[in-house]
S.K.: 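Could you have a look at this structure, given as structure tokens, before my questions?
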Amino acid sequence: MADDIKKIHDRETKWQQRWKDAGVFTPKNDGSKKPFYMLAEFPFPSGKGLTGGHMLIYSGGDVMARFRRMQGYDVLYPMGFDSLGISAEAFATKIGKHPSVVVKDLVQKFTKSMIEMGWSIDLKSQVATSDPEYIKWTQWMFIQFFKAGLAYKSMLPMNWCPHCRTTLTNEELEDGKCNRCHGQVEIREKMQWNLAITKYAQRLLDDLKFVDYPERVKRDQINWIGKSTGADVDFMVGEDKMTVYTTRPDTIFGVTFCAIAPEHKLLAKWLDEGKITNADEVRNYIKESAAKSEFDRTDVTKEKTGVKLGGIMAKNPYTGDEIPVFVADYVLVNYAHGTIMAVPAHDERDWDFAKKFGIKIIPVISGGEPDKVWEGDGEHINSGFMDGMNKVDAISAAIKYGEERGFACPKTRFRMSDWGFSRQMYWGEPIPLVYCEKCGWVPVPESELPLMQPYMEEYQPTEDGESPLARATDWVNTTCPCCGGAARRETDTMPQWAGSSWYYMRYLDPRNDKEFCSREQMEKWMPVDHYNGGNEHNTRHLIYSRFWHKALYDLGFVNTVEPYKKRTTNGLLMGADGKKMSKSAGNGFQVDEKVAEIGADAARTTVLSLGPWDTNVNWSEGALAGVQRFLKRVENMADNLTDEPMAAEQERLVHQLIADMTERLENMRFNTAISAMMEFINAFSGKMPRHAYEVLVQMLNPFAPHMTEEIWEKLGHKEMLVFQPWPTYDAAKLVKADMTIVVSVNGKRAADFQIGVNATNEELTEMAKAVAARKLEGAEIVKTIIVPNKLVNFVIKK
RNA sequence: GCGGAUAUGGCGAAACUGGUAGACGCGCAGCACUAAGGAUGCUGUGGAUAAAAUCCUUGGGGGUUCGAAUCCCCCUAUCCGCACCA
């Protein structure tokens, strides 16, 4: 065995060297072949090295890249590193080295593993988001967005983890706690940069029709964007106008109270003006909700709380009714107006609240059960001009009525909010802006890009949550590019999502120092033909990068509306125990270890054989054993070939294999593709015809490229297998001479028989009757159903 | 709570538009070759029966159909999203 693995390693190194020498993975880019851009989400370097999960996704991507290459495309399969951000910084802190040094080491280490896996990556296109030349263009793009009015600063709550001393986005929270240390998170308010992604919300929705994404991905995006339509309605509270947003203006006659968020400005105003008679109680409630964590506030399983505002009544503009107003923390201050009109009869949350506080409930839609909330549609009642209408008609009637009288207007809203773009972290792109008392926020001149972080030995965040860059006073204090006066640099850095929003274009022109990517390269390669990644990126990364691309498009910097033509998603590679791979569980592995143990070909093939591409699969030593046996058998067959002409059935098997493999790879069904090859060799006993064998070797090449190259060379071929054209099949040759026809009686299988493929229906029926005679005895055949090439079914009556 | 997905042998899984359920692989059993094998090859392997014949079998229950793993309805379990968005 030790000899075997040494032989495998030598062979793999040999071919990796040959591929490198011949530069076969760098696209020709000369127009002689049609380009195909195969993209896999790039890794972020961390101390763990390439893991089992990487092995799965990049092997899958590589099979596709190699498949397309053999199909005659000029393939680009690039790889880079998402090397800014928390994972690199955390690892650097852990081992006590500077992130810039750590990233260099990790890139080398990762690249070595990638080569050892035999992935057909174009190393010439490699980029890392932390490269100064890369940061330059990320910052340049930010400046373009800033100039276009897409970047602005506002007060934003930030989640602050006191233990990790870092800010966290809501997405980085798990159950309301820090996803790294699982400690309690505090909320702090800070002026932070935003990108106006909501301006693109409608287009991000609409343009989904142009892209080939799985339904699930589209659904996730649609939900994330969260479009709703309805109306703003003005309720008067004394002299003050309190606007509420509702998707159900048709239920306005059923409004029996309003509620306002504890942080709402109007509430503070009423308190200041002394209008609230139970001010102490209300103040107390506001204080209590402020003390609650975001997670507790939004925990739907908890009972709703609130306090009625004494002395405050709101007037329903449709009915003139005076209704009570509550402060309640289930109303979110940052959505719509931070106020709601409540219709307990037809909204479950309002129902619960009304029941708890003994508020009146007025049904305005018929169809519900007594003493139960009714959220369905029905004829409107108790609703004045809307009586008798259904939901859809009543909604437009209500809006029209309110609009004519000036207290309502139609409104579309999105749940998605603008992209919080500030991080208080050292290892990110500094936001390239300078603040000048006279000129305001001014971009750093483009000639000064990249604006790098100053080298800091102590780059960890501080306890106050300020960006570490704020401590580099020499760096912070600068002059205004506009007026030359004293100015201060922005000390926040960009989120990790920034660099990953446009990396697919830098791969196309990685060393260009005039542009982030030449127009010529974009025209050739964009949009990305096939982008594979994880489901965890269905919303954030995929939406951010779609937005980024569209913004660049509007500014005239890119040539396509969408960055990715087709998206596929993969499942996760789990440990043999079915649990997520982790150090603590001891069920994971690193790529370099696995390659040392079993070699790249076996690793690649095994990991893709475990199950369907888009579901989670478990690593299995058993599957590995099966694959190793299979590969060994294929290799040994090379010594046992015949040049005798193939029998008709053998020829059919060859065509069938090509047909199956082509179809399965096209759909990334790697597990059944591997089965097809196993079945194929099982179908040959004794010597295998040379042609059949060569086809098999070609089909296996994307999975086990080293072994198959070796065999190919041994078979006497001078050209490398990488560029051999993918074999084609003749549909006419797929037809068997004989077919198996199943005979069933009343749908139950009774017998089967072989017959020539050209048999007529009459012949089939006769034969079927003969074969199933025993079952048909004494019965009347009511009906005969013939499914071509498959079965004959007799419906009988006894 | 809402939304989605999944449920098939001892295990991982196949089964295209309803048409031989369990391909392929693991495991297991037997045989062969061996001094020996955790190597290799061959054979068998959903369950019930000693076997043929037969019957049962795709989480559970109903239905549609000549025929259902597949379509429809109702449950149950697991996993994954979203989480009071008015």
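Labels below follow one simple rule: chain letters A, B, ... track the order of the sequence lines, proteins then strands, and each chain is numbered from 1.
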S.K.: What's the CG-P distance between A:L624 and B:C24, to the nearest Å?
M.R.: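 Computing the A:L624:CG to B:C24:P distance gives 20 Å.
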
S.K.: Which nucleotide, B:A21, B:C80, B:A23, lies nearest any side-chain atom of A:R216?
M.R.: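 Of B:A21, B:C80, B:A23, B:C80 is nearest to the side chain of A:R216.
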
S.K.: What's the closest nucleotide to the side chain of A:V742 if the choices are B:C84, B:U20, B:A23?
M.R.: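 Of the options given, the side chain of A:V742 lies nearest B:U20.
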
S.K.: Applying a 3.5 Å limit to both distances, which nucleotide forms a Watson-Crick or G-U wobble pair with B:A29?
M.R.: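 Pairing partner: B:U43.
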
S.K.: Given B:U20, B:C84, B:G41, which nucleotide is nearest the side-chain atoms of A:R633?
M.R.: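 Nearest to the side-chain atoms of A:R633, counting from C-beta on, is B:G41.
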
S.K.: Using the side-chain heavy atoms of A:R749, tell me which of these nucleotides is nearest: B:G4, B:U20, B:G19.
M.R.: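 In terms of side-chain proximity for A:R749, the closest of B:G4, B:U20, B:G19 is B:U20.
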
S.K.: Quantified in whole Å, what is the P atom distance between nucleotide B:G61 and nucleotide B:G25?
M.R.: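 Taking atom P in both B:G61 and B:G25, they lie 33 Å apart.
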
S.K.: Quick one: do A:E649 and A:K733 make a salt bridge, cutoff under 4.0 Å?
M.R.: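 Judged by the 4.0 Å cut-off on N to carboxylate O distance, A:E649 and A:K733 do not form a salt bridge.
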
S.K.: For a quick check of understanding: with a heavy-atom distance under 4.0 Å over all strands, which category does A:S228 fall into, base, sugar-phosphate or nothing?
M.R.: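 Here A:S228 touches the backbone only, sparing every base.
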
S.K.: Regarding A:R413, tell me which of base, sugar-phosphate or nothing describes its non-hydrogen contacts under 4.0 Å with the strands shown.
M.R.: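 Here A:R413 touches no strand at all.
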
S.K.: Starting from P on B:A86, measure out to CG on A:D232 and report it in whole angstrom.
M.R.: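 Distance check: A:D232 CG to B:A86 P gives 12 Å.
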
S.K.: Only pairs with both distances under 3.5 Å count, Watson-Crick or wobble alike; so what is the partner of B:A50 in this structure?
M.R.: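 Base partner found: none.
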
S.K.: My understanding is that a pair needs two contacts under 3.5 Å, Watson-Crick or G-U wobble. By that rule, which nucleotide pairs with B:C2?
M.R.: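 Across all strands, the one nucleotide that pairs with B:C2 is B:G81.
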
S.K.: Of the nucleotides B:C66, B:C84, B:A23, which one has an atom closest to the side chain of A:S675?
M.R.: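 Between B:C66, B:C84, B:A23, the one nearest the side chain of A:S675 would be B:A23.
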
S.K.: What is the distance from CD1 of A:I222 to P of B:G3, rounded to the nearest Å?
M.R.: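 Computing the A:I222:CD1 to B:G3:P distance gives 16 Å.
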
S.K.: Base, sugar-phosphate, or nothing for A:R669, non-hydrogen atoms under 4.0 angstrom?
M.R.: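 Sugar-phosphate, no base atom in range.
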
S.K.: Taking a pair as Watson-Crick or G-U wobble with both distances under 3.5 Å, which nucleotide is matched to B:G9?
M.R.: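 Across all strands, not a single nucleotide pairs with B:G9.
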
S.K.: What distance, rounded to whole Å, do you find between the two P atoms, one in B:C71 and one in B:A23?
M.R.: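 It works out to 22 Å between them.
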
S.K.: Answer yes or no: is there an ion pair linking A:E621 with A:K594, defined by an N-O contact shorter than 4.0 Å?
M.R.: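 Counted as a salt bridge, because a side-chain N and a carboxylate O are separated by less than 4.0 Å.
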
S.K.: Do the side chains of A:K241 and A:D234 get close enough for a salt bridge, i.e. N-O under 4.0 angstrom?
M.R.: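 Counted as a salt bridge, because a side-chain N and a carboxylate O are separated by less than 4.0 Å.
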
S.K.: Both A:T539 and A:M678 contact RNA chain B. Taking the nearest nucleotide for each, which residue is further toward the 5' end?
M.R.: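 Nearest-nucleotide comparison on RNA chain B picks A:M678.
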
S.K.: By nearest atom, which of the nucleotides B:G19, B:G25, B:C84 is closest to the A:N793 side chain?
M.R.: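 Nearest to the side chain of A:N793 among the choices is B:G19.
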
S.K.: Angle class for the A:F353/A:Y330 ring planes (parallel below 30°, perpendicular above 60°, tilted otherwise)?
M.R.: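 Plane angle between 30° and 60°, so tilted.
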
S.K.: Quick one: is A:T672 getting a side-chain N or O under 4.0 Å of the B:A23 phosphate, OP1 or OP2?
M.R.: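 Indeed not, no polar side-chain atom of A:T672 lies that close.
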
S.K.: Looking across every strand, which nucleic acid part, if any, lies under 4.0 Å from A:N618 by heavy atom: base, sugar-phosphate, or nothing?
M.R.: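 It contacts nothing in the nucleic acid.
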
S.K.: Between A:E348 and A:R629, name the one whose nearest nucleotide on RNA chain B is closer to the 5' end.
M.R.: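 Residue closer to the 5' terminus by nearest nucleotide: A:E348.
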
S.K.: Touch check for A:N223, heavy atoms < 4.0 angstrom, all strands: base, sugar-phosphate only, or nothing?
M.R.: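 Counting heavy atoms under 4.0 Å across all strands, no contact is made by A:N223.
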
S.K.: Relative to A:Y245, does A:R413 satisfy both conditions: NZ or CZ under 6.0 angstrom from the six-membered ring centre, and within 45 degrees of the ring's axis?
M.R.: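 Yes - A:R413 lies over the ring of A:Y245, closer than 6.0 Å to its centre and within 45° of its axis.
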
S.K.: Could you tell me the Watson-Crick or G-U partner of B:G22, where both distances fall under 3.5 Å? Say none if there is no partner.
M.R.: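 Its partner is none (no Watson-Crick or G-U wobble pair with both distances under 3.5 Å).
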
S.K.: Please classify the nucleic acid contact of A:N671 as base, sugar-phosphate, or nothing, using heavy-atom distances under 4.0 Å.
M.R.: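 If one applies the 4.0 Å heavy-atom cut-off, A:N671 turns out to touch the sugar-phosphate alone, with no base involved.
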
S.K.: Quickly work out the A:M661 CE to B:A23 P distance and round it to whole Å.
M.R.: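 It works out to 20 Å between those atoms.
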
S.K.: Whom does B:C16 pair with, Watson-Crick or G-U wobble, provided both distances fall under 3.5 Å?
M.R.: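 Checking every strand shown, B:C16 finds no partner, since no pair has both distances under 3.5 Å.
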
S.K.: State the pairing partner of B:A35; accept Watson-Crick or G-U wobble contacts with both distances under 3.5 Å, and report none otherwise.
M.R.: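 Per the H-bond distance test, none.
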
S.K.: Does a side-chain N or O of A:Y335 approach OP1 or OP2 of B:A86 to a distance below 4.0 Å, or not?
M.R.: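 Affirmative; the distance criterion is met.
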
S.K.: Could you tell me how far B:G60 sits from B:U78 if I compare only their C1' atoms? Round to whole Å.
M.R.: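 So the two C1' atoms sit 15 Å from each other.
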
S.K.: Could you check A:T569, A:N532, A:N671 and say which one makes a side-chain hydrogen bond (donor to acceptor under 3.5 Å, both in side chains) with A:W613?
M.R.: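 When side-chain hydrogen bond (donor to acceptor under 3.5 Å, both in side chains) is applied between A:W613 and each of A:T569, A:N532, A:N671, only A:N532 qualifies.
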
S.K.: State which of B:U20, B:A86, B:G3 makes the closest approach to the side chain of A:D752.
M.R.: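 Nearest to the side chain of A:D752 among the choices is B:U20.
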
S.K.: Base, sugar-phosphate, or nothing: which does A:T246 touch, judged by heavy atoms less than 4.0 Å apart?
M.R.: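 Result for A:T246 = sugar-phosphate.
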
S.K.: Contact class for A:K748 (heavy atom, under 4.0 Å): base, sugar-phosphate, or nothing?
M.R.: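 Since only primed, P, OP1 and OP2 atoms lie under 4.0 Å of A:K748, the category is sugar-phosphate.
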
S.K.: Do A:D418 and A:N194 pair up side chain to side chain, a donor and an acceptor below 3.5 Å, judged on atom types alone?
M.R.: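 No, no side-chain donor-acceptor contact under 3.5 Å.
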
S.K.: For B:G25, does OP1 or OP2 lie under 4.0 Å from any side-chain N or O of A:N682?
M.R.: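 So the side chain of A:N682 is within the cut-off, an N or O lying under 4.0 Å from OP1 or OP2 of B:G25.
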
S.K.: What contact category does A:L791 fall into here, base, sugar-phosphate, or nothing, at under 4.0 angstrom with non-hydrogen atoms?
M.R.: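 Touches a base.
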
S.K.: Determine the interatomic distance between P on B:C28 and the same-named atom on B:G19; round to the nearest Å.
M.R.: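 These two P atoms come out 35 Å apart once rounded.
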
S.K.: Hey, are the side chains of A:I197 and A:M416 touching, using non-hydrogen atoms and a 4.5 Å cut-off?
M.R.: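 The answer is yes; the side chains approach within 4.5 Å.
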
S.K.: Write down the distance separating the C1' atoms in B:C82 and B:A14, rounded off to the nearest Å.
M.R.: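 My reading of the C1' atoms in B:C82 and B:A14 gives 33 Å.
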
S.K.: Check every atom of B:A86, B:G19, B:G81 against the side chain of A:I340 and return the nucleotide holding the closest atom.
M.R.: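 Per side-chain heavy atoms of A:I340, the pick is B:A86.
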
